[in-house]
J.: 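Input: one structure, supplied below.
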Amino acid sequence: MALNPADGKATLTFSDGTPSLDLPLYKGTIGPDVIDIRALYGKTGKFTYDPGFLSTASCNSTITYIDGDKGELLYRGYPIEQLATKCDYLETCYLLLFGELPNAEQKADFVGRVTKHTMVNEQMQFFLRGFRRDAHPMAVMTGLVGALSAFYPDSMNLNDPWQREVSAIRLIAKMPTLVAMAYKYTIGQPYMYPRNELSYAGNFMRMMFATPCEDYKPNDVLVRAIDRIFILHADHEQNASTSTVRLCASSGTNPFAAIAAGVACLWGPAHGGANEACLNMLYDIQKAGGVAKIGEFISQVKDKNSTVKLMGFGHRVYKNYDPRAKLMRETCHEVLGELGLHDDPLFKLAMSLEKIALEDDYFVSRKLYPNVDYYSGIVQKAIGIPVPLFTAVFALARTVGWIAQLNEMIADPEYKIGRPRQLFVGSRHRDVKPIAQR
Ligand code: CMC
């Protein structure tokens with residue numbers, strides 16, 4: 001994409017005698033301008049240093065925009081609040097993949113294509129059998145998603161737009177089946193095959209909770225809640241797992257392998273694993289005495305010498321309430337109301353903890369607000385999804401975002417294999433001594 005020059009330029013001056021350098025500035029549609037430093041090394045022999053990408057845009061993108069100060073999230077320009085209330089997940093997938101919301105005909109065609117790919121190769125269940133029954137679902141998902149490349153060799157070529165589209169449909173369609181299989185395997189129940197007459201979220205619920213012994217009708221409120229979880233997690237611009245997918249795919253590997261890398265990255269507790277960590281944190285506080293112990297817990301969080309964090313709080317980009325958390329909180333009320341769990345002690349504890357943290361200067365001064373994971377764990381738990389599976393549900397939902405970002409990268413004429421540089425601070429050249437002299 002041709003970048004839009006901003007008014008003016010950036011001039012970099014040096015105190016070591018290196019001549020100063022003018023660098024181009026580009027303007028986004030919204031958001032901060034960027035300084036194009038690509039010529040820096042060639043012209044000065046120097047790199048920039050930015051571990052954690054605090055000030056570095058790794059790509060240009062048209063997919064998702066976050067205004068962290070306002071607490072705003074847009075997919076292709078549409079506010080998340082509108083998408084979460086007016087669209088379903090597959091419409092959102094279409095939007096992320098193709099740039100526009102589908103009309104009725106496009107939607108029917110897309111839903112039909114996804115629905116026809118929901119089954120996985122029967123051999124997949126034998127592969128799954130190699131895992132321990134108590135393996136963490138994210139260990140299983142990393143393996144299963146990577147293994148898709150062994151089953152679908154006809155959609156592996158990243159440089160072929162048609163194969164990319166087929167692999168995208170396959171991944172979106174098969175993720176719910178794989179997550180449900182990973183769950184059924186742990187509890188020793190038979191896998192439930194997908195049912196094409198059900199919605200995407202309804203089908204997922206059935207594959208998770210039905211057994212062959214009796215009929216199962218997914219509850220509409222819970223189906224809507226699951227669908228909303230999927231929408232809210234569908235994309236989040238250049239976060240750790242998305243950047244992982246982009247970097248992985250930049251080598252030209254196949255889409256299934258790149259998405260498996262995203263799953264692996266998402267697993268971490270600072271990223272997608274936070275919903276699981278958050279619920280475990282709430283359990284621990286409850287075990288220690290519940291609401292009465294919140295003060296003690298908050299003191300531990302604030303203690304500079306402790307590593308305890310308030311999980312589900314804070315975000316690299318949001319320095320205001322995460323808009324997804326607001327929507328998730330609403331869904332949380334709906335689900336608990338539907339299931340008669342409003343007096344659930346864990347939910348009451350979560351509400352009290354949130355209130356106390358939001359009034360505490362430690363969190364206020366650092367602009368730490370609840371993120372999406374604070375409530376999504378409670379909703380999933382209420383629906384009956386076991387805690388270790390939470391991150392796998394996040395991976396299911398995020399798959400479309402990863403694919404949309406990967407497609408965007410491959411289609412960008414400026415795309416190159418990702419190759420960060422380093423500031424080397426280790427030993428200079430030295431010689432190996434014989435072992436007796438070391
Ligand atoms: N609890 C207590 N203190 C915190 C927390 C927290 N959850 N988050 C940040 N801080 C403190 C941090 O210690 C630091 O304090 P100080 O300035 O005194 O050193 C300050 O706030 C700034 O934090 P940071 O670590 O520089 O912020 P970051 O942008 O590097 O980290 C984060 C962002 C999400 C990793 C972090 O807030 C965190 O670990 N939160 C808990 C885990 C979590 O909920 N993650 C889910 C993120 S949303 C879902 C997703 O996108 O994956």
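Atoms within each ligand, like the ligands themselves, are counted from 1 in listed order. Please read all numbers here as calculations on a predicted model, not as lab measurements.
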J.: In terms of ring plane angle, is the pair Tyr200 and Tyr89 parallel, tilted or perpendicular, where the classes change at 30° and 60°?
T.: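 Tilted: the ring planes of Tyr200 and Tyr89 meet at 30° to 60°.
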J.: Do we see a donor-acceptor contact under 3.5 Å between the side chains of Asp36 and Tyr26?
T.: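 Present: a donor and an acceptor within the cut-off.
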J.: Glu91 and Pro102: which non-hydrogen atoms are nearest, and at how many Å?
T.: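 What the structure gives for the nearest pair is O-CD, 3.8 Å.
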J.: Consider ligand 1: state whether an atom of it lies below 4.0 angstrom from any non-hydrogen atom of Asn239.
T.: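 It does not, in that no heavy atom of Asn239 comes within the 4.0 Å cut-off of ligand 1.
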J.: Any N or O on Leu368 sitting closer than 3.5 Å to an N or O of ligand 1?
T.: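 Between Leu368 and ligand 1 (N or O atoms, distance only) the closest approach is not under 3.5 Å.
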J.: With a 3.5 Å distance limit and no angle check, can you tell me whether Asn275 reaches the backbone of Gly377 through a side-chain donor-acceptor pair?
T.: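 Judged by distance alone, no pair lies under 3.5 Å.
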J.: As an exercise, identify every atom of ligand 1 less than 4.0 angstrom from a heavy atom of Val301.
T.: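 Counting from 1, the qualifying ligand atoms are 1 (N), 2 (C).
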J.: When you look for heavy atoms under 4.0 Å from ligand 1, do you find them on the side chain of Arg366, its backbone, both, or neither?
T.: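 Side chain only; the backbone of Arg366 stays clear of ligand 1.
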J.: Can you find a protein heavy atom closer to atom 31 (O) of ligand 1 than 4.0 Å?
T.: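 So far as the 4.0 Å threshold goes, atom 31 (O) of ligand 1 is out of reach of every protein heavy atom.
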J.: Look only at the side chain of Asn254 and the backbone of Ser149, and say whether a donor-acceptor pair between them is shorter than 3.5 Å.
T.: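 No; zero donor-acceptor contacts below 3.5 Å.
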J.: Using the ring of each side chain (for Trp, its six-membered ring), is Tyr152 parallel, tilted or perpendicular to Phe256, with breaks at 30° and 60°?
T.: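 Tilted, since the angle between the ring planes falls between 30° and 60°.
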J.: Around atom 42 (C) of ligand 1, find the nearest protein heavy atom and jot down its residue, atom name and distance.
T.: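 Nearest protein contact, heavy atoms only, for atom 42 (C) of ligand 1 is Met311 CE, 3.5 Å.
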J.: Would you say atom 8 (N) of ligand 1 makes contact with the protein, given that contact here means a non-hydrogen protein atom less than 4.0 Å away?
T.: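 So far as the 4.0 Å threshold goes, atom 8 (N) of ligand 1 is in reach of a protein heavy atom.
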J.: Heavy-atom contacts with Ala274 under 4.0 Å: which atoms of ligand 1 show up? List them by number with element.
T.: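 So the answer, numbered in order with elements, is 43 (C), 44 (O), 45 (N), 46 (C).
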J.: Could you check whether Arg133 makes a cation-pi contact with Tyr185, meaning its NZ or CZ is under 6.0 Å from the centre of the six-membered ring and within 45° of the ring axis?
T.: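 Yes; both conditions hold, so Arg133 lies above the ring face of Tyr185.
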J.: Would you check whether Gly312 has a nitrogen or oxygen atom less than 3.5 angstrom from a nitrogen or oxygen atom of ligand 1?
T.: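 Right, the criterion is met.
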J.: Polar-atom distance check: His271 versus ligand 1, any N or O pair below 3.5 Å?
T.: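 Min N/O separation from ligand 1 is below 3.5 Å for His271.
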J.: Which atoms from ligand 1 have a heavy atom of Gly272 less than 4.0 Å away?
T.: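 Close to Gly272: 52 (O).
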J.: Is atom 22 (C) of ligand 1 touching the protein, meaning some protein heavy atom lies under 4.0 Å away?
T.: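 No; the ligand atom in question lacks any protein heavy-atom contact below 4.0 Å.
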J.: Which protein heavy atom lies closest to atom 49 (C) of ligand 1, and at what distance to 0.1 Å?
T.: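 Residue, atom and distance for the closest contact: Asp373 OD2, 3.1 Å.
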J.: Going by the angle between their ring planes, with limits at 30° and 60°, are His333 and His342 parallel, tilted or perpendicular?
T.: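 Because their plane-to-plane angle lies in the 30° to 60° range, the rings of His333 and His342 count as tilted.
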J.: If you take the nearest heavy atom of each of Gly68, Gly314, Pro370, which one is closest to atom 37 (O) of ligand 1?
T.: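 Looking at heavy atoms only, the winner is Gly314.
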J.: Measure up the Tyr318 and His315 rings against each other and bin them: parallel (under 30°), tilted (30 to 60°), perpendicular (over 60°).
T.: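 Tilted, since the angle between the ring planes falls between 30° and 60°.
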J.: Does the pair Lys287/Asp284 count as a salt bridge with the N-to-O cut at 4.0 Å?
T.: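 Salt bridge present between Lys287 and Asp284.
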J.: Establish, yes or no, whether the cationic atom of Arg206 lies under 6.0 Å from the six-membered ring centre of Phe209 and within 45° of the ring axis.
T.: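 No, Arg206 and Phe209 do not form such a contact.
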J.: Could you tell me the residue and atom name of the protein heavy atom closest to atom 47 (C) of ligand 1, and the distance to it rounded to 0.1 Å?
T.: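 Heavy-atom neighbour on the protein nearest atom 47 (C) of ligand 1: Asn371 ND2, 3.6 Å.
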J.: Which residue owns the protein heavy atom closest to atom 40 (N) of ligand 1, what's the atom, and how far is it?
T.: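 Ranking protein heavy atoms by distance from atom 40 (N) of ligand 1, first comes Phe313 O, 3.0 Å.
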J.: Assess the pair His271 and His236: is the distance between their ring centroids shorter than 6.0 Å?
T.: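 Centroid separation for His271 and His236: 6.0 Å or greater.
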J.: For atom 33 (C) of ligand 1, grab the closest protein heavy atom and report residue, atom and distance to one decimal in Å.
T.: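 Result: Arg316 N, 3.7 Å.
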J.: Looking just at side-chain N and O atoms, do Tyr65 and Glu72 make a donor-acceptor pair shorter than 3.5 Å?
T.: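 Side-chain D/A pair, Tyr65 to Glu72: absent.
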J.: If we ignore angles and hydrogens, is there a donor and acceptor under 3.5 Å between the side chains of Ser241 and Asn239?
T.: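 Result is yes, a qualifying pair exists.
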J.: Please could you name the atoms of ligand 1 that Ala270 approaches to less than 4.0 Å, counting only its heavy atoms?
T.: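 Heavy-atom distances to Ala270 below 4.0 Å select 45 (N), 46 (C), 47 (C).
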J.: I'd like to know whether NZ of Lys319 has more than 12 heavy-atom contacts from other residues, nucleotides or ligands below 6.0 angstrom.
T.: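 Enclosed: over 12 neighbouring heavy atoms sit under 6.0 Å from NZ of Lys319.
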J.: Quick one: look at Tyr362 and ligand 1, take heavy-atom pairs under 4.0 Å, and tell me if it's side chain, backbone, both or neither.
T.: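 Just the side chain.
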J.: Give a yes or no on whether atom 16 (P) of ligand 1 lies under 4.0 Å from any heavy atom of the protein.
T.: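 True for atom 16 (P) of ligand 1.
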J.: Using a plain distance cutoff, I'd like to know if Phe363 has any nitrogen or oxygen under 3.5 Å from a nitrogen or oxygen of ligand 1.
T.: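 No, Phe363 has no N/O under 3.5 Å of an N/O on ligand 1.
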J.: Applying a 4.0 Å heavy-atom criterion (strictly less than), which segment of Lys304 is in contact with ligand 1: side chain, backbone, both, or neither?
T.: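 Within the 4.0 Å criterion, Lys304 contacts ligand 1 through side-chain atoms alone.
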J.: For atom 48 (S) of ligand 1, what is the nearest protein heavy atom, given as residue, atom name and distance?
T.: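 Nearest protein contact, heavy atoms only, for atom 48 (S) of ligand 1 is His315 CD2, 3.4 Å.
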J.: Closer than 4.0 Å to some heavy atom of Leu310 - which atoms of ligand 1 meet that?
T.: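 With Leu310 as reference, the close atoms of ligand 1 come out as 1 (N), 2 (C), 6 (C), 7 (N).
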J.: Look at atom 25 (O) of ligand 1 and find which of Glu237, Met281, Lys309 reaches it with the closest heavy atom.
T.: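 It is Lys309 that holds the nearest heavy atom.
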